Structures are given as C-alpha cells and as structure tokens.
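All chains are named by letter (A, B, ...) in the order of the sequence lines, taking the proteins before the strands, and each is independently numbered beginning at 1. Note that this is a predicted model, so its numbers are computed, not measured.
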2 protein chains.
Amino acid sequence: MSKPRRVGNETSATRARLLDATEQVMLAEGYAAVTSRRVAKETGVTPALVHYYFSTIDDLFLAVIRRRGEQSAKRQERALSGPQPFHALWELSKERAGTGLLMEFVALANHRKVIAAEIAEQAADSRKAQLDTLGDLIERTDLGPDDLSPEAILVLIASVSRTIALEESLGMDVGLAQTTAFIEGLLTRIDGTDER
Amino acid sequence: MSKPRRVGNETSATRARLLDATEQVMLAEGYAAVTSRRVAKETGVTPALVHYYFSTIDDLFLAVIRRRGEQSAKRQERALSGPQPFHALWELSKERAGTGLLMEFVALANHRKVIAAEIAEQAADSRKAQLDTLGDLIERTDLGPDDLSPEAILVLIASVSRTIALEESLGMDVGLAQTTAFIEGLLTRIDGTDER
DNA sequence: GTCTATAGTTCGATAGAC
DNA sequence: GTCTATCGAACTATAGAC
C-alpha cells in the first residue's frame, strides 16, 4: 500500500550476494546480528543499498527463507524419486537441520507473524509432498507390532534429525547413536537394503 | 576480574520480578526484545536497577536459565519417582517444550558460548538422571523387534515432544496425532497401563 | 545501481545522588 | 536498594546526488 518507490530487481547478482551474506551472519551470530549495516559490510556495499533491495529487514529475512525453500523443495523432489527414497529423505533432513539456519528461523518465527506463516507453509508443503510420494510405500511394508502410520514415520524422521543436529551442536552425545540406529532400521525395512 | 563493585542479592524479591519479566518478554517477543530498558519497564523500575542486579544482559539470561533449570530438575525428579515414570516424563517434556522458552534459549545458544554451555550442561544432566532412574525399567521390557535401547527411547521422547510443540505452534497437524499414538504405545508397554 | 548524509530511535553501561 | 543523568554506540529508514 505504501512501499516506497524503488526496489531492486530479483535477478540482480548483488541481491544474491546480500542474501548470501545474510545467511552467513545469521549462522555465525544469530538473526539478531542481521542488520542492514552488518549485511552491507559483509557484502562490501553501503547500508542504503540493502534497503534499496529490501525495504525492511523482514523483507530480507523472507527473501532468504523463500530462496532456501525453493532450493530445498527441488532437492527433496530429487531425493524422493530415487531408488531409496527414505534413506535419501533422512540424509536430506539431517543436512537441513544441521546448518543451524532452521533454528534461527524458528526462533524468528516466534515473534514475527509473516515469517511464521512462510515457514509453516513451506514445512506443510514439504511434508505433503513426502506423504504423496511415500505414503503407499510405507503401507505396503510390515513394520511389526508398532502403530507406525506413514505420517508418523515422516514426523519421526523430521523430529530425530532436528534433535541430532541440535544436541550435537551442544556437544551432547547420550543416545544419539542408538536413536540413529533405530531410525535407520526402520528406513531399511521400508526401502530395502539395496533393492531395484 | 573487572566486574564493577555492587551487585544485588540473590534472594531479593525485586530480582525475582526481573527474572519473571525477562521470561515474559522473551516469550512474547523473543530474546532480542530483552533489553535492560524493556525489562525495567515491565517490572516498574529503572534500567539502572537491572544493571545493578545483572551487570550484563548475558548475566540476566543466565540467571533465567539457571532458575528454570533448577525448577525443571525438581519436577523431573518427582515425575521419575512416580508410578508411571515414562508417562510422567512424556507429559513433562511436552510441557517444557510447549512454552517456547526452550527454543528462544536454543537460538540464543547459537551465538553466546556461555549460554550454550549452561544449556548443554542442564540437558546432559537431565538425560543422565533419566537414564539412571529408568534405564533398568526399559531393559526389562520386551519392545519387539526394534533396536530400541533405553537411551534411544529417551531421545525419542525428547525429540517428538519438541517437534509436536514446534509444529503445533506453527499451525501444522499432519502426522502429529499418529506420532503421539506411537510414542504413547511405547510408554504403555514399559510403564504398564495401570500398575502398582 | 550505488553512494553520501542524516533524522530519529534505542540500546548498554556507568557515575553518583539519595 | 533505587533513582537521575548521561556518554557513546548502534540501528532503521529515507532523501537525494551521482
């Protein structure tokens, strides 16, 4: 309704460098360290240029989230279409959680509604895609006496991958190897050891 | 080595009110909103008084974490000594994760070493206590064909409780009920339905 | 597309009065 | 124990020159 006049092009190389710098600062020092001055300094430009591409800091965060979401969706699509989709999803989930960016965005989402909405939409879309592609595969597998629905397995993969990333980053290790073994056992029962 | 002269007493009622206000602000607007001015305003005192009790903002955060850690340890001890320790631990874990404070501290820990150290120590102590009290109980239960060690079960409880809290706060719901059913099925096989 | 300059805020932390 | 007053620094966002 009242966005100022000029806004930088979406395909600009400088814009991409600003997003890179934002991710880097967020990883190293947390979202609170992301300021127009700081991002400008990392990129080698002036603060005013940051505001030229992103009117507000929230716009900058949203752009980072959207870019990563697109990349992540493509990678997941590739993972799910391979010969061992569950193992691939597990590796991808651990990697996604491992960067630490996810936790920063979650914390950000706690008090910025636009960001919470964007993250929730991405996460829901991602799980929907997993379910569409993998749901049948799970139902065809005998998982023993457990109440393990396809949905539950996907939630377990997401949960445990995040916990492992978190606890490892804190230097904890009690139970992580055993939990990994349990999850990978499940995955192998569904994917098979080396089918296809 | 160079901390200024005067520091407020640990038993002060005002000090406790400052900690309360800090938690409240952190929950409502995130850790970045915690400033000496803001906490002072919520408490009805001046910013200088905040610095009288806590020389730096990090000291303030640490005090909040320590206070909650002590409360949490006591509650866990009580939960683990009851008739259905696993169900009690599960409920406690969901509640701990549900407040959102945990995620704020985790994000804070990403770039403040003293805070990361405090959180890691608390989490490790907590899991150690769980393992000491509950380890034997799990080993005496037949959990079927799964590679479910005592450690893994505790990690699953921690993981899933956090995920449920997170995803519910984002408005997601795919798979949460099914995953809860799976976890509670495990707990019941260990605790029994209504023993003792 | 990128810059200089700047107005208007807000913050951490301290000194010192009461 | 609590306050007033303050220094120095950092931040967002905009206007406007180049």
**Q.** Lys/Arg-Asp/Glu bridge criterion (N-O < 4.0 Å) met for Glu118(B), Lys113(B)
**A.**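 Result for this pair is no, no salt bridge flagged.
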
Q. Got a salt bridge between Arg68(A) and Glu23(A), using NZ or NE/NH1/NH2 to carboxylate O under 4.0 Å?
A.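 The answer is yes: the pair qualifies as a salt bridge.
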
[N] [atom2] sits how many Å from [X] [atom1], rounded?
X	N	atom1	atom2	value
Ile57(B)	dT14(C)	CD1	C1'	14 Å
Leu60(B)	dA13(C)	CG	P	11 Å
Asp59(B)	dT14(C)	CG	C1'	15 Å
Leu18(B)	dT2(D)	CG	C1'	12 Å
Lys41(A)	dA10(D)	NZ	C1'	12 Å
His51(A)	dT4(C)	NE2	P	15 Å
Tyr53(B)	dC3(D)	OH	P	10 Å

Identify which nucleotide among [options] has an atom closest to any side-chain atom of [X], counting heavy atoms from C-beta outward.
X	options	answer
Arg37(B)	dT6(D), dG1(D), dG1(C)	dT6(D)
Ala48(B)	dT4(D), dA13(C), dA13(D)	dT4(D)
Leu49(B)	dC3(D), dT14(C), dT2(C)	dC3(D)
Val45(A)	dC3(C), dC11(C), dG1(C)	dC3(C)
Thr56(B)	dA13(C), dC3(C), dA15(C)	dA13(C)
Ser36(B)	dG12(C), dG1(C), dC3(D)	dG12(C)

Q | Aromatic ring pairing Phe61(A)/Tyr31(A), orientation class (parallel under 30°, perpendicular over 60°, tilted between) | A |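 Because their plane-to-plane angle is over 60°, the rings of Phe61(A) and Tyr31(A) count as perpendicular.
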
Q: Tell me what Thr46(B) touches on the nucleic acid: a base, only sugar-phosphate, or nothing, going by heavy atoms under 4.0 Å.
A: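 It contacts base atoms.
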
Q. Reckon Thr14(B) has a side-chain N or O less than 4.0 Å from the OP1 or OP2 of dT2(D)?
A.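 Indeed, a polar side-chain atom of Thr14(B) lies that close.
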
Q) Is it true that Leu154(A) and Leu170(B) fall in one hydrophobic cluster, defined by side-chain heavy atoms closer than 4.5 Å? A)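 No; Leu170(B) is not reachable from Leu154(A) via cluster members.
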
Q: Specify the residue among Tyr52(A) and Arg38(A) whose closest nucleotide of DNA chain D lies further upstream toward the 5′ end.
A: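 Whichever sits nearer the 5' end wins; that is Arg38(A).
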
(Q) Both Ser12(B) and Pro47(B) contact DNA chain D. Which one's nearest nucleotide lies toward the 5' end? (A)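 Nearer the 5' end of the strand: Ser12(B).
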
Q. Looking just at side-chain N and O atoms, do Ser161(B) and Arg96(B) make a donor-acceptor pair shorter than 3.5 Å?
A.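 No - no donor-acceptor pair under 3.5 Å links their side chains.
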
